[in-house]
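Position 1 is the first residue of the sequence, and the numbers go up from there. From a predicted model like this one, the values you see are computed outputs, not experimental measurements.
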Amino acid sequence: MIDVTLAIANELSRIVPDAVIYRENQEQGFEEPSFYIYEIMADSKGELMAYESRKHLYCVMYFPDRSVDDSGVKEQCEKMRSKLLDEFRCLDDLSVGLLNREARIESQALHFTFALRYRVAPVDDTPKLETFEQRGGLK
């Protein structure tokens, strides 16, 4: 099983090493600055020979530090938007590129959405030949 959210978190930690990254919504709110990763939707379409084409839509939210006086919330979001658009292009753990990347600032947070597409091979559970003994000779 592929853990796409973990691969996204690993890539974010490479880009922003000291980042706080959440995979689940927090009731008490998020520590700032931080990232929150969630999946919008997943799609799977069958292909020939039992292969599948899968597509995932993800959103990475960035919550800037509101307690800092030197730079505003919008300025922090704009800097992070540029950083993500420049450096967050693929997931090295899965060797999958990001498609349809979009970044918008809403409600004092950055919403960075993207799609992932990959192909899944069928699992072959048929028993394999483990040993082979040949008895033969020449006539």
Side-chain angles (χ1 to χ4, degrees):
M1 171 141 186
I2 299 173
D3 191 354
V4 179
T5 309
L6 180 61
I8 294 169
N10 289 341
E11 192 64 29
L12 281 173
S13 65
R14 282 188 204 107
I15 294 170
V16 186
D18 56 345
V20 176
I21 301 170
Y22 297 101
R23 293 178 62 167
E24 294 184 17
N25 199 355
Q26 304 296 311
E27 288 184 22
Q28 302 298 321
F30 297 100
E31 183 180 317
E32 294 176 350
S34 64
F35 291 95
Y36 170 50
I37 305 166
Y38 66 94
E39 184 175 27
I40 299 170
M41 79 148 220
D43 182 20
S44 178
K45 293 182 182 171
E47 295 181 348
L48 293 175
M49 306 297 290
Y51 284 91
E52 285 185 5
S53 175
R54 293 191 183 164
K55 177 180 160 185
H56 295 269
L57 295 176
Y58 272 91
C59 181
V60 174
M61 290 183 68
Y62 171 69
F63 299 99
D65 191 357
R66 294 180 189 150
S67 64
V68 177
D69 293 332
D70 60 340
S71 62
V73 171
K74 186 168 179 158
E75 184 179 337
Q76 291 179 50
C77 288
E78 288 171 350
K79 285 180 184 177
M80 187 54 67
R81 176 181 60 197
S82 296
K83 189 173 191 80
L84 291 176
L85 288 173
D86 291 342
E87 299 177 31
F88 194 42
R89 297 179 176 273
C90 68
L91 302 178
D92 291 336
D93 294 353
L94 303 177
S95 299
V96 175
L98 305 181
L99 305 170
N100 305 330
R101 298 177 304 140
E102 288 184 12
R104 65 186 183 283
I105 300 170
E106 290 180 0
S107 303
Q108 296 185 334
L110 173 67
H111 299 261
F112 183 74
T113 57
F114 55 89
L116 301 170
R117 279 196 200 124
Y118 57 93
R119 193 171 186 215
V120 179
V123 177
D124 187 11
D125 292 332
T126 57
K128 305 292 184 235
L129 182 64
E130 294 178 12
T131 61
F132 181 72
E133 185 179 319
Q134 180 180 0
R135 293 185 207 167
L138 295 173
K139 284 190 176 183

query: Looking at side-chain heavy atoms only, is the closest gap between C77 and P64 below 4.5 Å?
result: yes

Scanning both residues in full, the closest heavy-atom pair of I40 with C59 reads CD1-CB, 3.9 Å

- prompt: Does the ring center of F88 lie less than 6.0 Å from the ring center of F112?
  reply: yes

### Task
Side-chain contact test, heavy atoms from C-beta onward, threshold under 4.5 Å: evaluate it for R104 versus T113 and give yes or no.
yes

query: Side chains of H111 and I105: closer than 4.5 Å at any heavy-atom pair?
result: no

Hey, mind stepping through L57 and E39 against side-chain contact (heavy atoms from CB on, under 4.5 Å) and telling me if it holds? CA-CA 6 Å; L57 295 176; E39 184 175 27; over 6 Å; no

ask   = Any side-chain donor-acceptor pair under 3.5 Å between H56 and Y118?
value = yes

In terms of heavy-atom contacts, G97 and L116 come closest through O-CD2, 3.8 Å

TODO: Look at D43 together with R117 and state whether they make a salt bridge at an N to O cut-off of under 4.0 Å.
DONE: no

Note to self: Would a single hydrophobic cluster contain both V60 and V73, if residues Ile, Leu, Val, Met, Phe, Trp and Tyr are joined by side-chain heavy-atom contacts under 4.5 Å?
What the structure shows: no

Is a side-chain donor or acceptor of E32 paired with a backbone partner of R66 at a separation under 3.5 angstrom?
-> yes

Hphob cluster co-occupancy, Y62 + I21, side-chain heavy atoms under 4.5 angstrom: yes

In the single-linkage hydrophobic clustering (I, L, V, M, F, W, Y; side-chain heavy atoms under 4.5 Å), do Y38 and M41 co-cluster? yes

**Prompt:** K55 and S53: side-chain donor and acceptor closer than 3.5 Å?
**Reply:** no

Legend entry - Ring centres under 6.0 angstrom apart (F35, F63): no

Between the SG atom in C90 and the CD atom in E11, the distance rounded to the nearest 0.5 Å is 5.5 Å

- Query: Looking at R119 and E47, does any basic side-chain N land under 4.0 Å from a carboxylate oxygen?
  - Reply: yes

Q. Is there a path from V96 to V4 through hydrophobic residues (I, L, V, M, F, W, Y) whose side chains come within less than 4.5 Å of each other?
A. yes

Report task. Look at R81 together with D86 and state whether they make a salt bridge at an N to O cut-off of under 4.0 Å. Result -> no

query: Quick one: does F114's side chain get under 4.5 Å of I8's, heavy atoms only?
result: yes

Point to revise | Student check: side-chain heavy atoms of R23 and D3 closer than 4.5 Å | key: yes

Notebook entry, point to check: Would T5 and Y58 count as a side-chain contact (heavy atoms from CB on, under 4.5 Å) if you check the C-alpha gap in whole Å, the side-chain angles of each, and the deciding distance to 0.1 Å?
Noted result: CA-CA 9 Å; T5 309; Y58 272 91; 3.3 Å; yes

- Query: Taking it one step at a time, do L110 and L84 satisfy side-chain contact (heavy atoms from CB on, under 4.5 Å)?
  - Reply: CA-CA 10 Å; L110 173 67; L84 291 176; 4.0 Å; yes

> For the hydrophobic clusters of this structure (ILVMFWY residues joined by side-chain heavy atoms under 4.5 Å, transitively), does one cluster hold both I37 and L6?
Replying inline: no

With a 4.5 Å limit on heavy-atom distance, are the side chains of L99 and R101 in contact? no

When rounded to the nearest 0.5 Å, the distance separating CD of E75 from CE of M80 is 12.5 Å

Checklist entry - Does S82 use its side chain to pair, donor to acceptor, with the backbone of E78 at less than 3.5 Å? => result yes

